[in-house]
Chemist: 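Structure below; questions to follow.
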2 protein chains.
Amino acid sequence: MTTMQDVADIAGVSKASVSLVLNGRDAGHVKPQTAELIRQTAAKLGYRPNQLARSLRTSRTHMLGFISEEVATTPYAGGIILGAQDAASAYGYVLLTVSTDGMANEEQELAALMRYGVDGFLYSKMSNRITDVPHSLTDYPLVLVDATDRSKRFPSVEPDEFRIGYDATKRLIDAGCKRIAYVGCSEPLIAQSRRLHGYQAALSDAGMPIDDALHVDVLNNGPALRAVSKLFDEQQPDGFFCFNDARAWYVYECAARRGLTVGRDISVVGVDNHRVFAETLDPQLTTVELPHYEMGYWGACRLISIIEGHDVDTSVWPETPAPLPPLDAPIPATIHCKLIDKKSVRE
Amino acid sequence: MTTMQDVADIAGVSKASVSLVLNGRDAGHVKPQTAELIRQTAAKLGYRPNQLARSLRTSRTHMLGFISEEVATTPYAGGIILGAQDAASAYGYVLLTVSTDGMANEEQELAALMRYGVDGFLYSKMSNRITDVPHSLTDYPLVLVDATDRSKRFPSVEPDEFRIGYDATKRLIDAGCKRIAYVGCSEPLIAQSRRLHGYQAALSDAGMPIDDALHVDVLNNGPALRAVSKLFDEQQPDGFFCFNDARAWYVYECAARRGLTVGRDISVVGVDNHRVFAETLDPQLTTVELPHYEMGYWGACRLISIIEGHDVDTSVWPETPAPLPPLDAPIPATIHCKLIDKKSVRE
DNA sequence: TTGTAGGCGTTATCAA
DNA sequence: TTGATAACGCCTACAA
């Protein structure tokens, strides 16, 4: 491995000069001639700075700790990780991931990351919940992703659930549906109530009545199927907004049993949580994507901005995701996430 | 942050002694008394060794590079990551993850990991394919996970697809099915042909005929649904082994349209790729899990054994996954993965 | 059995 | 403009 000393020796200069030049701090310190020479010999030797040595000296590692609950059990962890990774990579950072799925030893895992000297942490749940941040993290730069800090001390990036409910319902309205049902989730998730509000708001804005009989919350399996069956028979909706695609499946099952075809006799929009419908059906028709990638991306951006001490104007951010690569998602990218921060709480 | 020098000063000894004791190399070198004193003061001060400094000296980082294609697009990446992580953590390693999903700059990402000095790489696809390992990795300890090295130079951990097909079919046979269909995948995946062989072997072993009319390979959407419909009407199978749960969905849809109920009129076993049926239906009945966690786990174990220069008896491994935490998967853990290695190629 | 000193590859301070 | 030189925290001959 070629070191800085090698470059210095061959270029006939000192380590100090090499360091200055290769870090772009040579303005007015090193003669442009020698600087150029140094750059060339470095390139010729294929010199790559040793991050460890640099980190030991600067006590900055450019590593981010990515802590996630539930990577293993939810399909979309990858989206968040990828988003975080892209942002990190763009700024010269790298991700040290740790999953605390089943582990009792969360604290130990965190301690391990700290020994490696990560510059900050991304703390991610896999569905937005009120969260207590582990105490040991509170001394570090920290951003929550798809989770809400109970103490409101740390910024978080969360899905805009209201908009998800609103846009999904709007799409059914635009498709001409007259009796639009909401098949929600019985668990008290943040997403559940906000999507419901979005659903109701969309109906209101379109001048349509809000009928509680068209709204059922279900869990899984048999009881869920029966509840949806009842909804079918008693209310005969022509449009269904489903909390997720697991719930959408019940609608498909009920429709099939009644000889109805989705996309012709009834319309269904479900929030895509499992990808199954993306593969089996025409995705244009039925799914709304959660902004997992975006949350990871913006979470990492925010974290890095904290680490590097930049002052970020969070008021225009991340509503305007300019640096984001274009989304070729099955639906227009109207669903975004939002940043909750001390500087810009909008709720 | 408390350093080794601090511990030495307070214990009234030298750094050297502290280092020896804290690394367990004090046998016959340090008086047990002083060793104990050192351990206590270290504990009292909450001393945590600085990995960076250690790595700089030893040129071993105890970091593993985890490279994955398709984390974002397949639901089960998390399982592999988690398995790798558990194994890594058990041996004092940590995972530096990089996903190359959409990126053209794979080489750059790898270069980044190398600058951080990872000790080796886990190279993972998200479904077993013949793979060319990036050239820059070939100088490192390397293990492939859910992928097969075309050059056969590096070990890999792969699902035992034959067994998956065999066991799934066996379950349908045991459930009393007489006409068992295979709904496969038209793409030329390794899994496809091996599962088919497993399906056929199970039928043979049970003395049942192999009828090609009961075997259809499909892709997605409309055509797939029509092909399965045809299978229903022309062959009237009473059991279905499905390549994955996306394909199982077509069977459910067709059954519902014919007034048939899965679990009563027909039986379905699908390989679980999307989790949707795990949530919507009785998982005992219908799904076979792929050993993602196990592949990650054993891949990391193998990699670490290479890095540390242990000589591993791969002939009993990983068929006997003793160190694995008990699997409380919905089905008995009869489906394992297998290690392909120079020392023990069984095919 | 213990301590001293050198070095891992950087960056940063200060003279020259 | 440059180049010694001293850290950063740890490991490890080697000397005492």
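Source: prediction; values computed, not measured. Order of the sequence lines fixes the chain letters, A, B, ..., with proteins taken first and strands second; residue numbering starts at 1 for each chain.
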Chemist: Tell me whether the OP1 or OP2 atom of D/dC11 has a side-chain N or O from B/Arg54 closer than 4.0 Å.
Modeler: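 Yes, B/Arg54 has a side-chain N/O under 4.0 Å of OP1/OP2 on D/dC11.
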Chemist: State whether B/Thr34 places a side-chain N or O below 4.0 Å from either non-bridging phosphate oxygen (OP1 or OP2) of C/dT2.
Modeler: yes
Chemist: Just the rounded figure in Å: distance from P of C/dG9 to CZ of B/Arg115.
Modeler: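 Result: 16 Å.
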Chemist: Between C/dT11, D/dC11, C/dG9, which nucleotide gets closest to the side-chain atoms of A/Leu56?
Modeler: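 Closest nucleotide among those given: C/dG9.
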Chemist: Measuring to OP1 and OP2 of C/dT2, would you say a side-chain N or O of B/Ser17 lies under 4.0 angstrom away?
Modeler: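 Checking C/dT2 against B/Ser17, no side-chain N or O comes under 4.0 Å of OP1 or OP2.
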Chemist: I need the minimum non-hydrogen distance between A/Met4 and A/Lys15, along with the two atoms involved.
Modeler: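 Closest approach of A/Met4 to A/Lys15, heavy atoms only: CE-O, 3.3 Å.
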Chemist: Counting just side-chain N and O atoms, does B/Ser14 come under 4.0 Å of either OP1 or OP2 of C/dT2?
Modeler: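 No.
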Chemist: Between B/Ala16 and A/Tyr47, which is nearer to the 5' end of DNA chain C once each is assigned its nearest nucleotide?
Modeler: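 On the 5' side of the pair lies B/Ala16.
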Chemist: Would you indicate what B/Thr3 reaches in the nucleic acid, counting non-hydrogen atoms under 4.0 angstrom: base, sugar-phosphate, or nothing?
Modeler: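 Sugar-phosphate: the residue B/Thr3, judged by heavy atoms under 4.0 Å, touches backbone atoms but no base.
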Chemist: Check this one for me: any side-chain N or O of A/Asn23 less than 4.0 Å away from OP1 or OP2 of C/dT11?
Modeler: yes
Chemist: Given that B/Arg25 and A/Ala53 both sit by DNA chain D, which one's nearest nucleotide is further toward the 5' end?
Modeler: A/Ala53
Chemist: Applying side chain to side chain donor-acceptor pair (under 3.5 Å) to A/Glu107 and A/Ser136, what does each step give before you reach the verdict?
Modeler: CA-CA 8 Å; A/Glu107 285 296 330; A/Ser136 55; 2.9 Å; yes
Chemist: What about A/Lys15: does its side chain form a donor-acceptor pair under 3.5 Å with the base of C/dT10?
Modeler: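 Yes, the side chain and the base share a sub-3.5 Å donor-acceptor pair.
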Chemist: Which part of the nucleic acid, if any, lies within reach of B/Arg60 when heavy atoms closer than 4.0 Å are counted: base, sugar-phosphate only, or nothing?
Modeler: nothing
Chemist: Any donor-acceptor pair, under 3.5 Å, between the side chain of A/Arg57 and the base of C/dA12, if you only look at N and O atoms?
Modeler: no
Chemist: Evaluate the side-chain proximity of B/Ser55 to B/Arg60: yes if any heavy-atom separation is below 4.5 Å, no if none is.
Modeler: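 Side-chain contact under 4.5 Å: no.
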Chemist: For A/Glu109 and B/Ser89, test the side chains for any donor-to-acceptor distance below 3.5 angstrom and give the result as yes or no.
Modeler: yes
